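One structure is given here, and the rest of the page talks about it.
Please read all numbers here as calculations on a predicted model, not as lab measurements. Numbering of residues begins at 1 and proceeds along the displayed sequence. We use all heavy atoms of the structure for the numbers below, so side chains are in, but hydrogens, waters and symmetry mates are not.
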Amino acid sequence: MDADVIVVGAGLAGLVAAHELTSRGRRVALVDQENAADLGGQAYWSFGGLFLVDSPQQRRLGVKDSFELAWNDWQGSARFDRADDEDAWAMRWARAYVEFAAGEKRSWLEGHGITLLPTVGWAERGDLRADGHGNSVPRFHIAWGTGTGVVEPFARYAVEAAGKGLLTFHHRHRVDELVVEGGAARGVRGTVLAPDDSPRGVASNREERGPFELTAQAVIVASGGIGADHDIVRRYWPERLGTPPARMVTGVPAYVDGRMLDISAAAGVRLVNRDRMWHYTEGVRNWNPVWPGHGIRILPGPSSVWLDALGRRLPDPCLPGYDTLSTLRHLRTTEDIAAHDHSWFVLTRRIIEKEFALSGSEQNPDITAKDRKAVLRDRLLGRGAPGPVRDFVRHGADFVVADTVEELVGKMNRLTDRPLLDPAEVRRQIAARDLQMANPYSKDAQVQGIRNARRYIGDRLGRVAVPHRVLDPAAGPLIGVKLHILTRKTLGGIQTDLDSRALGLDGQPVEGLYAAGEVAGFGGGGVHGYNALEGTFLGGCLFSGRAAGRAAAGQVV
């Protein structure tokens, strides 16, 4: 055989699985359709957010968390409703993952040299119900080095294992078939692609040079999701989310094409929960794109005024940073705005300076470089927006700046095919919101949320602007941001048991076949259910990749 185990996909889940295998002396063939520059895959480009429960960072900030609270939040968010079928293993994975996040995860990360920022972010604040979707407390821990810092040790392990003869890289090898004989996985077949020296993330050629075949005792599929293929996104777009947008921006490189899902199904693997997906509503076009249609997600604080395409304030819980899928559903199912593919933030200079962060390793060079002095200087002690945010305001096609509401709305209307916004109505709504700022209490849910956020020291110091009137000239100028739907994550996929063994149509494991990461719904075919709590995608790759590698190592004779 060519190896003990073949790992399909050199992203984070595949690298973790490969490390678990090679650290136990198993020989690995690591197969990926991209070149060596893309080692680490999509995770490299991420912000590096990790979901942890009752961490030292939380406790130092006065956050009281527990497994019980986190598990309640996860269940309220996931809303598993296919318990006897498609969610049967996902529910077990979910509990195991929350136990991992509340227990071994932190020490395991530290064992690989992955350290965390002292602050903890509060992502997906939820649908405003104690038993519903959302994080009751801040749990979004950022890795020093962002996604690059999470990927780095596992990429290094792979290179070191190759030097020892335990791992062989098969770059530019596209898998077209899983070889299953006698009910057992025995290898892969595919096509060798022409060499391509494109930089990381840039779309590479698909020129075919000839076939290849590799054999092994086991195969681990860790090939990622569908986010770069808008046609597949639209094909599985669920009716509950209305109609898919005609135009979206893309939050992942072009190689995140979902090919291995159908290839796995053709080999007899069961795919589940394909109607569950995670796309962001705060995407902006990258003024300096790396891949086709490159979009960046704004990680918003709670203060921006969110308007639909017709200029109406979004209803609760469609607030910045609260409930991603409720907002997506509102934008895509409300009849008079579903024909439009955008919404708007209206904010002030003070808000953008304090609250705007951009997702991605390249948009956070200080954290990516592990430059602690720069983080302190620019994010906590400095004045003005971070450099990447200033660049988007200056160069981004979706940003406009003005001194008055009337001038701002005029510029916003020029960014659409026809003017849809009434400046008088926009001013009326903002003025009504501003009247709620006179007291430390309010009937406005968003204003309540702002004041609630500032009770948490992490938000008060570095994430949430001092409450103020949007129409206060001293807080200006005003800024309008056109927001697009940004494709990102597949929440369903290959159904697996707790050892990451891929299950067949009969519900039994396919001998020698494993799946990990996004292609497996981050575990079990859909560990998140319908909603993610954030910081759980990288963590799901780590956890499921680890499980797959350990289980496959145990199988190999």
Side-chain angles (χ1 to χ4, degrees), residues 41-47 49 147 200-203 224-237 241-258 277-300 304 306-309 314 318 320-321 324-325 327-332 337-345 352 356-364 388-389 391-400 412 414-417 420 479-491 518 532 534 537:
Q42 181 183 342
Y44 178 94
W45 297 98
S46 75
F47 194 27
R200 180 186 291 273
V202 174
I226 66 174
D229 192 322
H230 293 192
D231 290 337
I232 297 180
V233 169
R234 292 188 181 96
R235 184 185 313 159
Y236 292 103
W237 189 278
L241 293 181
T243 57
R247 294 180 298 276
M248 298 179 279
V249 293
T250 307
V252 294
Y255 54 72
V256 186
D257 55 18
M277 51 184 68
W278 188 259
H279 306 302
Y280 292 109
T281 50
E282 313 100 329
V284 292
R285 291 170 287 178
N286 193 344
W287 66 273
N288 188 23
V290 176
W291 53 78
H294 191 170
I296 296 293
R297 189 211 173 188
I298 296 170
L299 300 171
S304 296
W306 204 336
L307 305 176
D308 67 24
L314 269 59
C318 306
T324 292
L325 286 196
T327 305
L328 181 61
R329 182 169 60 250
H330 175 76
L331 294 174
R332 301 311 311 159
I337 60 172
H340 307 289
D341 296 332
H342 68 278
S343 60
W344 297 96
F345 276 167
I352 203 168
F356 259 41
L358 300 170
S359 184
S361 55
E362 83 283 14
Q363 300 299 331
N364 296 275
V389 174
D391 288 340
F392 266 84
V393 175
R394 187 178 301 116
H395 303 297
D398 296 314
F399 288 73
V400 293
M412 292 163 70
R414 287 196 285 275
L415 296 186
T416 55
D417 294 336
L420 299 172
I479 300 167
V481 187
K482 186 180 181 184
L483 305 174
H484 309 266
I485 306 302
L486 177 91
T487 62
R488 185 60 67 85
K489 295 294 181 185
T490 311
L491 296 187
E518 191 172 351
E534 292 286 36
F537 299 130

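Residues Val481 and Met412 are not in side-chain contact: their nearest non-hydrogen atoms beyond the backbone lie 4.5 Å or more apart. Taking the side chain as every heavy atom from C-beta outward, His279 and Val233 approach each other to under 4.5 Å. Side-chain contact check for Ile298 versus Leu358: some heavy-atom pair is nearer than 4.5 Å.
Taken from CZ in Arg332 to NE2 in His340, the straight-line distance is 10.0 Å, to the nearest 0.5 Å. With rounding to the nearest 0.5 Å, the separation of CG in Asp341 from CG in Leu483 is 12.5 Å. Atom-to-atom distance recorded for Tyr236:OH and Met277:CE is 9.0 Å, nearest 0.5 angstrom.
Of all heavy-atom pairs between Trp237 and Pro245, the closest is CH2-CD, 3.6 Å. Shown here for Ala43 and Ser46, the closest heavy-atom pair between the two residues is O-OG, 2.8 Å. Of all the heavy atoms in Ala309 and Leu420, the pair that sits closest is O-CB, 3.5 Å. Contact record, Gly201 with Pro253: O-CB, 4.0 Å, taken as the closest heavy-atom pair. Minimum interatomic distance between Ile337 and His330 (heavy atoms only, all atoms of both residues): CD1-O, 4.0 Å.
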For this session: Could you check Val249 against Thr487 for side chain to side chain contact (heavy atoms under 4.5 Å, CB included), going step by step and ending with a plain yes or no?
Result: CA-CA 6 Å; Val249 293; Thr487 62; over 6 Å; no
For this session: Begin with the C-alpha distance, continue with both residues' side-chain angles, and end with the deciding distance and a verdict on side chain to side chain contact (heavy atoms under 4.5 Å, CB included) for Ile479 and Val400.
Result: CA-CA 6 Å; Ile479 300 167; Val400 293; over 6 Å; no
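With sequence neighbours excluded, the residues satisfying side-chain contact (heavy atoms from CB on, under 4.5 Å) with Asp257 are Gln33, Arg259. For Arg394, the side chain to side chain donor-acceptor pair (under 3.5 Å) partners at least two apart in sequence or on another chain are Asp391. Partners of Arg329 under the side-chain contact (heavy atoms from CB on, under 4.5 Å) rule, at least two apart in sequence or in another chain, are Leu241, Ser326, Thr333. Residues satisfying the side chain to side chain donor-acceptor pair (under 3.5 Å) criterion with Thr490, sequence neighbours excluded, are Glu518. For Trp278, the side chain to side chain donor-acceptor pair (under 3.5 Å) partners are Tyr280, not counting sequence neighbours. Not counting sequence neighbours, Thr416 has no partner by the side chain to side chain donor-acceptor pair (under 3.5 Å) test. Residues meeting the side-chain contact (heavy atoms from CB on, under 4.5 Å) test with Asp231, sequence neighbours left out: Asp229, Arg234. Applying the salt bridge (Lys or Arg N to Asp or Glu O under 4.0 Å) test to Asp308 and every residue at least two apart in sequence or in another chain returns Arg312. Residues forming a salt bridge (Lys or Arg N to Asp or Glu O under 4.0 Å) with Arg285 (at least two apart in sequence, or on another chain): Asp398. A search for ring pair (Phe, Tyr, Trp, His ring centres under 6.0 Å) contacts involving His342 returns Trp344, not counting sequence neighbours. Residues satisfying the ring pair (Phe, Tyr, Trp, His ring centres under 6.0 Å) test with Phe345, not counting sequence neighbours, are Trp306.
Panel note: side chain Lys489, backbone Phe537; no donor-acceptor pair is recorded below 3.5 Å.
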Below 3.5 Å, can you tabulate the donor-acceptor pairs from side chains in residues 288-297 to any protein atom, sequence neighbours excluded?
from   : atom 1 : to     : atom 2 : distance (Å)
Trp291 : NE1    : Thr250 : O      : 3.1
Trp291 : NE1    : Val252 : O      : 3.1
His294 : ND1    : Asn286 : ND2    : 3.3
His294 : ND1    : Val290 : N      : 2.9
Arg297 : NE     : Glu282 : OE1    : 3.1
Arg297 : NH1    : Glu534 : OE2    : 3.2
Arg297 : NH2    : Glu282 : OE2    : 3.3

